[in-house]
Amino acid sequence: MQERIVVLDFETTGLSAAGGDRAIEVGAVALENGKITDKYQNLIQPGFKVDSFIEHYTGITNHMLDQAPQADEVFPELYRFIDGSVMVAHNAGFDRKFLDMELDQLGYTRQQPFLCSLRIARRLYQNAPNHKLGTLVKYAKVPVTGTFHRALADAEMTALLWLEMMNLLRRRYQITEIGLHLLLQLEKKAIKQTDGWLRETQSP
DNA sequence: TGCCAGGCCCTCTTTAGGGCCTT
């Protein structure tokens, strides 16, 4: 893809943006011409204490969050970082909701499309044991760049997995032009029909 | 009172149910 892509990952206080959960850390990685060209990371003070499960799951403690900047400092920066980029996240529906909710509270609106590395991975790695990020990193032999369940490390590994999947489309299916339209079609394709469809789609 | 996420995807399906993924 020619476009700038930003791979995004949030750590949050829980699973439900609509139910009052908030982002506590953001990691974002910019991809241009198949390479990582920029990174953004910040902790975010949620305005309440996170429970012990989240402290253990992420390694982000209440003490760390007490000293973190608030959403109205972080999200305008993030908005500028993602401006004009196609978004990617692993299980994109999750991160998209938190991003849109936090931006909306500050009067910003996201315009750009959001692609899901989980949906693409389910179609390209049909024999993987499962499609969790950690499993796919191992399965696709992507380098581990940090601690899982920290936002920047997860965003970086998702970005490297994304590049590996784009390489797979080129290698396995000889698709040279991987544009937004193709990826949106791929996401919507039934999993079992994907392989045949991609073989028919390969560039002449 | 009792519940507590939600959307995708498969299948023993579509008048439904349950597993997967994200924190």
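Just so it is clear, the values below take in all heavy atoms, side chains as well, and ignore hydrogens, waters and symmetry mates. Below, chains carry the letters A, B, ... as their sequence lines are ordered, and counting in each starts from 1.
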N or O in side chain of A:Arg119 less than 4.0 angstrom from B:dC9 OP1/OP2: yes
With sugar-phosphate meaning primed atoms plus P, OP1 and OP2, does A:Arg22 contact a base, only sugar-phosphate, or nothing at under 4.0 Å between heavy atoms? nothing
Please confirm whether A:Arg4 makes a cation-pi placement over A:Phe81, using NZ or CZ under 6.0 Å from the six-membered ring centre and within 45° of the ring normal. yes
If only side-chain N and O atoms count, and only distance matters, is there a donor-acceptor pair under 3.5 Å linking A:Ser16 with A:Asp21? no
What is the distance, rounded to the nearest whole Å, between atom CG of A:Asn130 and atom C1' of B:dC10? 16 Å
Using a heavy-atom cut-off of 4.0 Å across all strands, would you classify A:Asp154 as base, sugar-phosphate, or nothing? sugar-phosphate
With rounding to whole Å, what would you report as the distance between B:dT11 and B:dT23 at their P atoms? 26 Å
Counting only side-chain heavy atoms from C-beta out, which of B:dT23, B:dC10, B:dA5 sits nearest to A:Ser16? B:dA5
B:dC9 and B:dT14, which share atom name C1', separated by this distance in whole Å: 14 Å
Interatomic distance where CD1 belongs to A:Ile120 and C1' belongs to B:dC8 [whole Å]: 14 Å
At under 4.0 Å between heavy atoms, what does A:Gly93 touch on the DNA or RNA strands: base, sugar-phosphate, or nothing? nothing
Quick one: which of A:Arg150, A:Met64, A:His149 gives a side-chain contact (heavy atoms from CB on, under 4.5 Å) with A:Glu25? A:Arg150
Just the rounded figure in Å: distance from P of B:dC20 to CG of A:Leu118. 13 Å
Using the C1' atom on both, measure B:dC8 against B:dG2 and round to a whole Å. 28 Å
Are A:Phe75 and A:Tyr108 an aromatic pair by the rule of ring centers under 6.0 Å? no
Note, A:Leu168 side chain near A:Tyr125 side chain (heavy atom, < 4.5 Å): yes
Measuring only the P atom in each nucleotide, how far is B:dG7 from B:dC12? A whole number of Å is fine. 26 Å
Would you indicate what A:Thr58 reaches in the nucleic acid, counting non-hydrogen atoms under 4.0 angstrom: base, sugar-phosphate, or nothing? sugar-phosphate
Near DNA chain B, which residues from residues 94-105 of chain A have a heavy atom under 4.0 Å away? A:Phe94, A:Lys97
Pair A:Phe98 + A:Phe94: ring centers closer than 6.0 Å: yes
In Å and rounded to the nearest 0.5 Å, what is the CD to CG distance from A:Glu156 to A:Leu161? 13.5 Å
Verify the contact: side-chain N or O of A:Lys192 to OP1 or OP2 of B:dT11, cut-off strictly under 4.0 Å; return yes or no. yes
Short side-chain N/O contact from A:His131 to OP1 or OP2 of B:dC21, under 4.0 Å: yes
If you measure from the Lys or Arg side-chain nitrogens to the Asp or Glu carboxylate oxygens, is any gap between A:Glu102 and A:Arg22 under 4.0 Å? yes
Closer to the 5' end of DNA chain B via nearest nucleotide, is it A:Lys188 or A:Asn91? A:Lys188
Could you state the atom-to-atom distance from NZ of A:Lys189 to P of B:dC8 in whole Å? 17 Å
For DNA chain B, whose closest nucleotide is more 5', that of A:Ile191 or that of A:Ala18? A:Ala18
From CG of A:Leu152 across to P of B:dT23 the rounded distance in Å is 14 Å
Between C1' of B:dT23 and NZ of A:Lys132, the distance in whole Å: 13 Å
Could you tell me how far B:dT13 sits from B:dG19 if I compare only their C1' atoms? Round to whole Å. 15 Å
Give a yes or no answer on whether the side chain of A:Glu164 reaches the backbone of A:Val142 with a donor-acceptor pair at less than 3.5 Å. no
Can you check the A:Glu187 CD to B:dG7 P distance for me, whole Å? 16 Å
Starting at atom NE2 of A:His90, determine the distance to atom C1' of B:dG7, rounded to an integer number of angstrom. 15 Å
So, OP1 or OP2 of B:dT23: does either fall under 4.0 Å of a side-chain N or O from A:His149? yes
Select base, sugar-phosphate, or nothing to describe what A:Ile24 touches, counting heavy atoms under 4.0 Å on all strands. nothing
May I ask you to say what A:Asp21 touches in the nucleic acid, namely base, sugar-phosphate or nothing, with a heavy-atom cut-off under 4.0 Å? nothing
